[in-house]
Protein chains: 2
Amino acid sequence: MTVTLADVAARARVSPATVSRVLNGNYPVAASTRERVLRAVDDLDYVLNGPASSLAAATSDLIGILVNDIADPFFGIMAGAAQTEIGGPGDGSGRAGGEKLAIVCNTGGTPERELTYLTLLQRQRAAAVVLTGGAVEDPAHQAAVSAKLAKLADAGTRVVLCGRPPLADNTSVVAALAFDNRGGGRRLTEHLLSLGHRDIGYVAGPVERTTTRHRLEGHRDAMKAVGIVGDEDRLTVHGSYDRRSGYDATVELLRREPGITAVVAANDTVALGATAAIRDRGLRIPEDISVAGFDDLPFSVDVVPALTTVRLPLFEAGARAGRLATGKEAPPPGGIATIAAELMVRGSTAPPRG
Amino acid sequence: MTVTLADVAARARVSPATVSRVLNGNYPVAASTRERVLRAVDDLDYVLNGPASSLAAATSDLIGILVNDIADPFFGIMAGAAQTEIGGPGDGSGRAGGEKLAIVCNTGGTPERELTYLTLLQRQRAAAVVLTGGAVEDPAHQAAVSAKLAKLADAGTRVVLCGRPPLADNTSVVAALAFDNRGGGRRLTEHLLSLGHRDIGYVAGPVERTTTRHRLEGHRDAMKAVGIVGDEDRLTVHGSYDRRSGYDATVELLRREPGITAVVAANDTVALGATAAIRDRGLRIPEDISVAGFDDLPFSVDVVPALTTVRLPLFEAGARAGRLATGKEAPPPGGIATIAAELMVRGSTAPPRG
DNA sequence: CTGTTAGCGCGTTCAT
DNA sequence: ATGAACGCGCTAACAG
């Protein structure tokens, strides 16, 4: 019932092998026969059997992109950019030629799902895997991921890290593009300090995530550099990377220390929740309390007042990861590149009152 | 070099078929042998060969979710919700058992890529396909998509539409969950009219998209109902569904008619751009100009003033689509369900001045 | 409950 | 430049 390569061969009056050669375009084929074959393909509306093809060739053209939260533009932007580089423009026929195809896998930030998807991609003999965003720092999980990635690499899968720190053993990774979260976090807090703030609350992301830790370390480095120490734990509240969490954490922060003059949030989305909490309390931004975010997502410039934040070149990084995954671009020296984070000063931060 | 099912069978001292049976869990197997087999699997670190498995079984456990723009939370929320229902919790081992696996495919809103991905999923013998968001109205493309979906359905793939209108021939579709974009658009404009607005500009989405057309029709229906006609085209500017486009279109709108007292945007993201354009012009929201969006994305409640918009239950719809795709939920009568849109009145709309 | 036997549809040697 | 034959790794009958 479903038309196979043999059917096409029969109609084109050639051998199955020839059809295969035409379709893959790897071997020389006479122009006339190629023509006949292609017409037969169209006539019969033939679609290659992917599993059969992958089985015989021991490879596939799938490239998996793992993201922690697909509803978060932070990941969407990177994944979309990567996919733009990978997918190619298509040939307009919808025939799905030889180009690679990117698929996005949403781990929800959980270690189990991350491993499950890696196994799936291993099963599918994926051509490449791109892991985006921060990693969970649980040692057992990191070891499991490293082992899995090593196996993928052994099987010929190109592994790329985007916005994620290198592995302890990074040899199985083609390239690791790490964001300078620590540096960005430090500069952001330095900005606040330079405005005169001393009592700064920090709404952190989930514990045990590299992104959370690095941003927080940057913040604390800056504080320490000017001699503000001892209150770190009291002025830090952890939560997840969403608006709601930002709201709740800020409420808690203001309860613990009503005297804070600035709130630094784990990212822009969290900052949005923080601003809501501050306003609901009847305070103004930035007159009463300054607020800062991280990432510089598209909406950040449009909120009122515009959000001071740290810009991460998400699109560029994702695109580069895509090129690395397809081998279009040479890996950086040592397989590791650090991507700079740029401070964006806007209206949500100002000197403290008095 | 790579370990196969036969290797596992040898080590467990059973036949390959038995190994297959315990892995798929479809046939009865003695507890003791199952135990042996599973240990052998772990010992050898065996990973099923997906292509071989799919080839032999003529099906796969992949479920494709097509989205127009993965960087847009509108799609991210739906895709994430669908995937939550599809993916199952995983078994914690990362072994990737029998459950279905959702993969997200980013079409970028282009017809070619949409067809390319459908072909890919057809190749992979996908278990189901979920198409999210509005469709392009080009007749040729619609015919091509319909034909492709019919073929997928023939091959046993379950096709679900989420946030997309039913096909002309909807028989190959398990279920179409359509948003009431027209009703939502109408109620939104009725709200503005009831506040006293008469000069309302409309920043529309891309032409030739069902979502764009339906929302716009709802708006015009409401205008027509109170006898405001004749100026539709002049007070409508089309653009893409992003912030930048909303900004530019609003600038153009204000150029054409500086007297407008309200701007209705194609969606919340576009509305964000519109507010920026209005503010840059030195006008206040809502005192000088009211602004309204559509979708009620998470950030909309946090912008200042909070955005009046139309709430679409994106998460719920996506989750339902996921259940429909996996067969966990029975399709609605006739395979078509309309999902209600709820007006959310907030601070960005107010009576016009004077 | 378990082993045996055939393919699934294609890519890839080898020939020619 | 093309054809013939083999096998990729697994599942699905069919026995037993």
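First the proteins, then the strands, lettered A, B, ... as listed; each starts at 1. Everything numeric in this text was worked out from a predicted model, so none of it was measured.
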Query raised in the report: When you measure from the side chain of A:Val29, which nucleotide among C:dT4, D:dT11, D:dT2 comes out closest?
Result: D:dT2

All N/O contacts under 3.5 Å from nucleotides 12-16 of chain C to the protein, with atom names and distances to one decimal?
none

**Report entry** Closest-nucleotide ordering on DNA chain C, the 5'-leading residue of B:Arg125 and B:Arg13
**Finding:** B:Arg13

**Report entry** Side-chain donor or acceptor of B:Ser60 paired with backbone N/O of B:Gln124 under 3.5 Å
**Finding:** yes

Query - Partners meeting salt bridge (Lys or Arg N to Asp or Glu O under 4.0 Å) with B:Arg164 (sequence neighbours left out) - result: B:Glu114

Report task. Report which part of the nucleic acid A:Val14 touches: base, sugar-phosphate, or nothing (heavy-atom distance under 4.0 Å, all strands). Result -> sugar-phosphate

Query raised in the report: Checking all strands, does B:Thr33 fall into the base, sugar-phosphate, or nothing category for heavy-atom contacts under 4.0 angstrom?
Result: sugar-phosphate

Query raised in the report: Does B:Glu137 have any salt bridge (Lys or Arg N to Asp or Glu O under 4.0 Å) partners at least two apart in sequence or in another chain, and if so, which?
Result: B:Arg213

Requested in this report: Indicate yes or no: at least one non-hydrogen side-chain atom of A:Asn49 is less than 4.5 angstrom from one of A:Thr4.
Outcome: no

Query raised in the report: Between the side chain of A:Ser20 and the main-chain N/O of A:Pro16, is any donor-acceptor distance below 3.5 Å?
Result: no

Query raised in the report: Does the side chain of A:Ser53 get closer than 4.0 angstrom to OP1 or OP2 of C:dG11 through an N or O atom?
Result: yes

Report task. Could you check whether B:Leu55 gets within reach of a base, just the sugar-phosphate, or nothing at all, counting any heavy atom under 4.0 Å? Result -> base

Report summary line: Testing D:dG9, D:dT2, C:dG9 for proximity to the side chain of A:Tyr46, the answer is C:dG9

**Report entry** Nearest-neighbour nucleotide for the A:Leu5 side chain, D:dG9, C:dG3, C:dC10 considered
**Finding:** C:dC10

